[in-house]
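Report on the structure given below.
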Amino acid sequence: MLKEFIPDKSFAVVAGYCHGTIIAVLGGVLFREKNEVEIRFPKSNPFVAGQKITFHLDNRTGLETFDITLRVYRVSVKAVVRQVSGNSIVAEPEEYDLKYGNRTADKFVKPGYEYPADNRKEIDIPESTISVTPDYDETEERNKLGVLITKAVDRPHTTVMAFLSTKADDIFIITHRDSFKAQLLSRDRDCAFAIDHRAQFTFEKAIDWNYSIIKGSLYKISRNNPAFNEIQARFVSKNPWEYSFFTDQKAEMYHIQENELLLPEKLTGKAD
């Protein structure tokens, strides 16, 4: 069960759809019986009973130090909202695969749950026009990982990722061409990225949480792009365990260009 690996009062990045577009907010979790999860939102709750959601959990705490094995428990939970009470929801998991490093530590599939088929056609991802020398955000050096939110068929998909950001809220990420998230992005460029600043804030001070969930459009940065080598060097400087990843020719670099900042106060009552 989730509570055997993730402590109460952990952060959750919770995502759903509003008329086909991504909505996402940060909450704190409390585990109930039967693997149900109560999620409390510090400002407002945009979700409704019966809604399909995905929430990301992991057991990162304090200052973040990682290597390529990513030795933290992390999980993307597909769930349904069963109860709503003010700024809290109770979610019932339908499927998850909880990872520690590269191994599965716990897995759950609700009886009767079926993985939805994805019949969407692939699209061409345009090349980024980012400059060779972006104005990087030095304040994010301590925040090594964020949560990427991509558009799957019936609800969003979430995954923890290393990132590099600029003061203009451009986000740079890397992934393997054959990964599930890359397949999703090849069908829909709309995505979001959450930076939760957990090194600086605690559950007890939830009202003061300072976090960013950036919604944007995806662009590729090919290896022959003039910006590739400089961004790669800066990315590795911030996330040194990712150095060997760039030696794989199937490694892809992406640029998420901000369209809007998702503010929880503006999402209330807009969920599907």
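Start at 1 with the first residue, then count along the sequence. What's counted below: heavy atoms across the whole structure, side chains too, no hydrogens, waters or symmetry copies. Keep in mind the model is a prediction, meaning the values are calculated, not measured.
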For residues [X] and [Y], determine if any side-chain heavy atom of one lies less than 4.5 Å from a side-chain heavy atom of the other.
X	Y	result
Tyr115	Val109	yes
Ser10	Asn59	no
Phe41	Ile89	yes
Ile256	Cys191	yes
Ile125	Tyr254	yes
Arg120	Leu184	yes
Pro134	Asp170	no
Lys220	Glu252	no

Under 3.5 Å donor-acceptor, [X] side chain and [Y] backbone:
X	Y	answer
Thr54	Pro156	yes
Gln183	Asp178	yes
Ser222	Asn224	no
Lys215	Ile22	yes
Asn35	Leu2	yes
Ser179	Ala182	yes
Asp8	Phe31	yes
Asp135	Thr166	no
Arg177	Gln249	yes
Lys78	Lys52	no

Using a strict threshold of under 4.0 Å (side-chain N to carboxylate O), is an ion pair present between Arg234 and Glu138?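 A salt bridge links Glu138 with Arg234.
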
Is there a path of hydrophobic side-chain contacts, each under 4.5 Å between heavy atoms of I/L/V/M/F/W/Y residues, joining [Y] to [X]?
X	Y	value
Leu57	Phe5	yes
Val80	Val25	no
Phe108	Ile53	yes

Testing the basics here: between [X] and [Y], what is the closest heavy-atom pair and its distance to 0.1 Å?
X	Y	value
Ser76	His157	OG-ND1, 4.0 Å
Phe235	Phe172	CE1-O, 3.4 Å
Gly101	Arg74	O-NH2, 2.9 Å
Ser131	Ala227	O-CB, 3.7 Å
Ile130	Ile221	CG2-CD1, 4.4 Å
Ala117	Val153	O-CG2, 3.5 Å

Do [X] and [Y] pair up side chain to side chain, a donor and an acceptor below 3.5 Å, judged on atom types alone?
X	Y	value
Lys99	Thr104	yes
Thr21	Asp190	no
Asp106	Tyr96	yes
Tyr219	Asn225	no

Given side-chain contact (heavy atoms from CB on, under 4.5 Å), test Lys3 with Glu33 step by step and report yes or no. CA-CA 10 Å; Lys3 64 182 179 181; Glu33 298 299 322; 4.1 Å; yes

Nearest 0.5 angstrom please: [X] [atom1] to [Y] [atom2], how far?
X	Y	atom1	atom2	result
Asp248	Ile174	CG	CD1	10.0 Å
Glu4	Leu98	CD	CG	10.0 Å
Ser217	Arg189	OG	CZ	5.0 Å
Ile213	Leu261	CD1	CG	8.5 Å
Leu30	Glu36	CG	CD	13.0 Å
Arg155	Ile149	CZ	CD1	14.5 Å

Derivation and outcome, side-chain contact (heavy atoms from CB on, under 4.5 Å), residues Thr175 and Leu148: CA-CA 11 Å; Thr175 189; Leu148 175 67; over 6 Å; no

Can you classify the ring geometry of Phe245 versus His176 as parallel (below 30°), tilted (30 to 60°) or perpendicular (above 60°)?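 Ring orientation, 0 to 90° scale: perpendicular.
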
Can you label the angle between the Tyr73 ring and the Tyr100 ring as parallel, tilted or perpendicular, going by 30° and 60°?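 Tyr73 vs Tyr100 ring planes: tilted.
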
Take Phe47 and Ile39 through the side-chain contact (heavy atoms from CB on, under 4.5 Å) test and state the conclusion after the steps. CA-CA 11 Å; Phe47 303 107; Ile39 306 176; over 6 Å; no

Test side-chain contact (heavy atoms from CB on, under 4.5 Å) applied to Phe228 and Phe246, step by step: CA-CA 11 Å; Phe228 183 91; Phe246 281 101; 4.2 Å; yes

Assert yes or no for the condition that the ring centre distance of Phe193 to Phe163 is strictly below 6.0 Å.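 They qualify: ring centres under 6.0 Å apart.
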
Take a 6.0 Å sphere around OH of Tyr243 and say whether it holds more than 12 heavy atoms from other residues, nucleotides or ligands.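 No, because the 6.0 Å sphere around OH of Tyr243 holds 12 heavy atoms or fewer from other groups.
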
